[in-house]
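Input: a single structure, listed below in structure tokens.
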Amino acid sequence: WVNDPSGATTREMTGWPALYDITDDWLEADRTPAEHERLVRDEASLMAGCAEVVVCSPALARTKGAGRSVTLVQNAVDVAAYRVPRERPADLPDGPVALYVGTVHTDRIDLDLCVATAEAIRGRGRVVLVGPAPLAPGDATRLVGAGVALLGPRDRDDVPAYLQHADVLLVPHVVTPFTESLDPIKLYEYRAVGRPVVSTPVAGFRDAGDRRVTVAEGAAFADVVARALPAPSRFPEGSDDGVPTWADRVTQMREVLERVHHSRGHGAATR
């Protein structure tokens, strides 16, 4: 079961039947020329040699499925776990909170937008980013200087508490070919707690069709967040209807794994 393209070397050496599970299109990420060349080579090997290829987003299904068969298995969430009321995390700032959960990396996050939003709500609330933050020191300093709270990574079991006690949930993502390839798992996590969401026009949120999701960009993004904060915070009433659960995805993935099991280790026929 390969997710990191570097697993191509192991597949080549062993000849084992393999599943390539694509959750990010790293060929579209900003990397050095040498690293990009390695990614292209490894992915070509996996696409040709794996018995099955699974993709997590419709965009990936279009791009990666152009030359061979792929199976779309989108993300989901443990809805039941997100419905259990949690205590407010002790490290959340007092007062209204506009919160993002996810990796704080320039592949995804629009740092300028985070700074502008934090400055727009200064004195009325805080922008809080929860998740690993592999940023350059200068970028982290700039965020903190604008009033952004960088809380760092948290145990996955604690994530529902942060989401439940946010006043508004943020998706300040850049819109690039890389982010277009994603099926953001936070789409499902955010829907599971039933809080208002402000997102840039990225894949998933752009077409969510959810009354709690407002799509905005540029100066309008910070304005929408600022308007959402003065309302008294209420504990979420429950998740949105029809949020997919991981049980749904397990059934889909089991079928794929059974096909891999019965394969002879060769790649699927190209179209």
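A heavy-atom distance below 4.5 Å is not found between the side chains of L169 and P196. Residues F221 and V215 have side chains not in contact (no heavy-atom distance under 4.5 Å, counting atoms from C-beta outward). Contact of the L257 side chain with the H261 side chain is not registered, since no non-hydrogen atoms from C-beta on lie closer than 4.5 Å. Contact of the C50 side chain with the R11 side chain is registered, since non-hydrogen atoms from C-beta on lie closer than 4.5 Å. Looking at R259 and V256, their side chains come closer than 4.5 Å, going by heavy atoms from C-beta outward. Taking 4.5 Å as the limit, some side-chain heavy atom of L99 sits within range of a side-chain heavy atom of L92. With contacts defined as side-chain heavy-atom distances shorter than 4.5 Å, the pair P244/R249 qualifies. Side-chain contact between Y162 and V159 is absent, with no heavy atoms from C-beta onward closer than 4.5 Å.
Using modelled atom types, one side-chain atom of R124 and one backbone atom of A226 make a donor-acceptor pair closer than 3.5 Å. For the pair Q164 (side chain) and Y82 (backbone), a donor-acceptor distance under 3.5 Å is present. A donor-acceptor pair under 3.5 Å links the side-chain atoms of T179 to the main chain of V174, judged by distance alone. Listed for the R122 side chain is a donor-acceptor partner under 3.5 Å among the backbone atoms of A146. Side-chain atoms of D183 come within 3.5 Å of backbone N or O of N75 as a donor-acceptor pair. For Y190 (side chain) and L170 (main-chain N/O), a donor-acceptor pair under 3.5 Å exists by modelled atom type. Judged purely by atom type and a 3.5 angstrom limit, T214 has no side-chain atom pairing as donor or acceptor with the backbone of V198. Proximity of a side-chain donor or acceptor of R68 to a complementary backbone N or O of M47 within less than 3.5 Å is detected. Judged by distance alone, the side chain of D25 and the main-chain N or O of L27 form a donor-acceptor pair under 3.5 Å. Panel note: side chain R86, backbone V84; a donor-acceptor pair is recorded below 3.5 Å.
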Next on the checklist: Checking V54 against I22 for the side-chain contact (heavy atoms from CB on, under 4.5 Å) test, could you report, in this order, the C-alpha distance in whole Å, the side-chain angles of both residues, the deciding distance, and whether it holds?
Outcome noted: CA-CA 6 Å; V54 167; I22 308 177; over 6 Å; no

Checklist entry - When you look at V197 and V168, which way does the side-chain contact (heavy atoms from CB on, under 4.5 Å) test go after all the steps? => result CA-CA 6 Å; V197 176; V168 59; over 6 Å; no

Checklist entry - side-chain contact (heavy atoms from CB on, under 4.5 Å) between L143 and C114: does it pass, once the steps are laid out? => result CA-CA 7 Å; L143 289 171; C114 291; 3.8 Å; yes

Checklist entry - What do the steps show when you test V193 against E189 for side-chain contact (heavy atoms from CB on, under 4.5 Å), and what is the final call? => result CA-CA 7 Å; V193 296; E189 294 173 325; over 6 Å; no

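Salt-bridge annotation for R206 and E180: present, with a side-chain N of the basic residue lying under 4.0 Å from a carboxylate O of the acidic one. The existence of a salt bridge linking D107 and R31 is confirmed by a sub-4.0 Å separation between a basic side-chain nitrogen and an acidic carboxylate oxygen. Taking the charged nitrogens against the carboxylate oxygens, R38 and D42 do have a contact shorter than 4.0 Å, which makes a salt bridge.
Here the closest non-hydrogen pair linking R126 and V148 is NH2-C, 4.0 Å. Of all heavy-atom pairs between R88 and G95, the closest is NH2-O, 3.4 Å. Between C56 and Q74, the closest heavy-atom pair is O-CG, 3.3 Å.
No more than 12 heavy atoms of other residues, nucleotides or ligands lie within 6.0 Å of CD in E37, so this atom counts as exposed by the packing criterion. Atom CG of D157 sits in a crowded spot, with more than 12 heavy atoms from other residues, nucleotides or ligands closer than 6.0 Å. Around atom CD of E217, no more than 12 heavy atoms belonging to other residues, nucleotides or ligands sit under 6.0 Å away.
The distance from the CG atom of L182 to the CZ atom of R108 is 5.5 Å, given to the nearest 0.5 Å. The structure places CG of L60 at 9.0 Å from CG of L72, a figure rounded to the nearest 0.5 Å. Once rounded to the nearest 0.5 Å, the distance linking OH of Y188 with OG1 of T245 reads 11.5 Å. Distance check: L19 CG to W1 CH2 gives 6.0 Å after rounding to the nearest 0.5 Å. Separation of atoms CE (M253) and CG (D248) is listed at 13.0 Å; rounding is to 0.5 Å. Taken from OH in Y100 to OG in S199, the straight-line distance is 10.0 Å, to the nearest 0.5 Å.
Side-chain polar atoms of E12 and S45 form a donor-acceptor pair below 3.5 angstrom. Between T23 and N3, the side chains place a donor N or O and an acceptor N or O closer than 3.5 Å (distance only, hydrogens not considered).
Tracing side-chain contacts under 4.5 Å through hydrophobic residues (I, L, V, M, F, W, Y), one reaches V127 starting from F205; they form part of the same cluster. Cluster membership check: V70 shares its hydrophobic cluster with L46, using side-chain heavy-atom separations under 4.5 Å among Ile, Leu, Val, Met, Phe, Trp and Tyr. When the side chains of ILVMFWY residues are joined at heavy-atom separations under 4.5 Å, either directly or via intervening members, W26 and V202 end up in two distinct hydrophobic clusters. Cluster membership for V115 and V144, using ILVMFWY side-chain heavy atoms within less than 4.5 angstrom, is shared. Both L150 and V171 are members of a single hydrophobic cluster when ILVMFWY side chains are connected at heavy-atom separations under 4.5 Å.
Screening E52, E43, K64 for a side chain to side chain donor-acceptor pair (under 3.5 Å) with Y20, the sole residue that qualifies is E43.
Between H173 and F178, the ring centre distance reaches or exceeds 6.0 Å.
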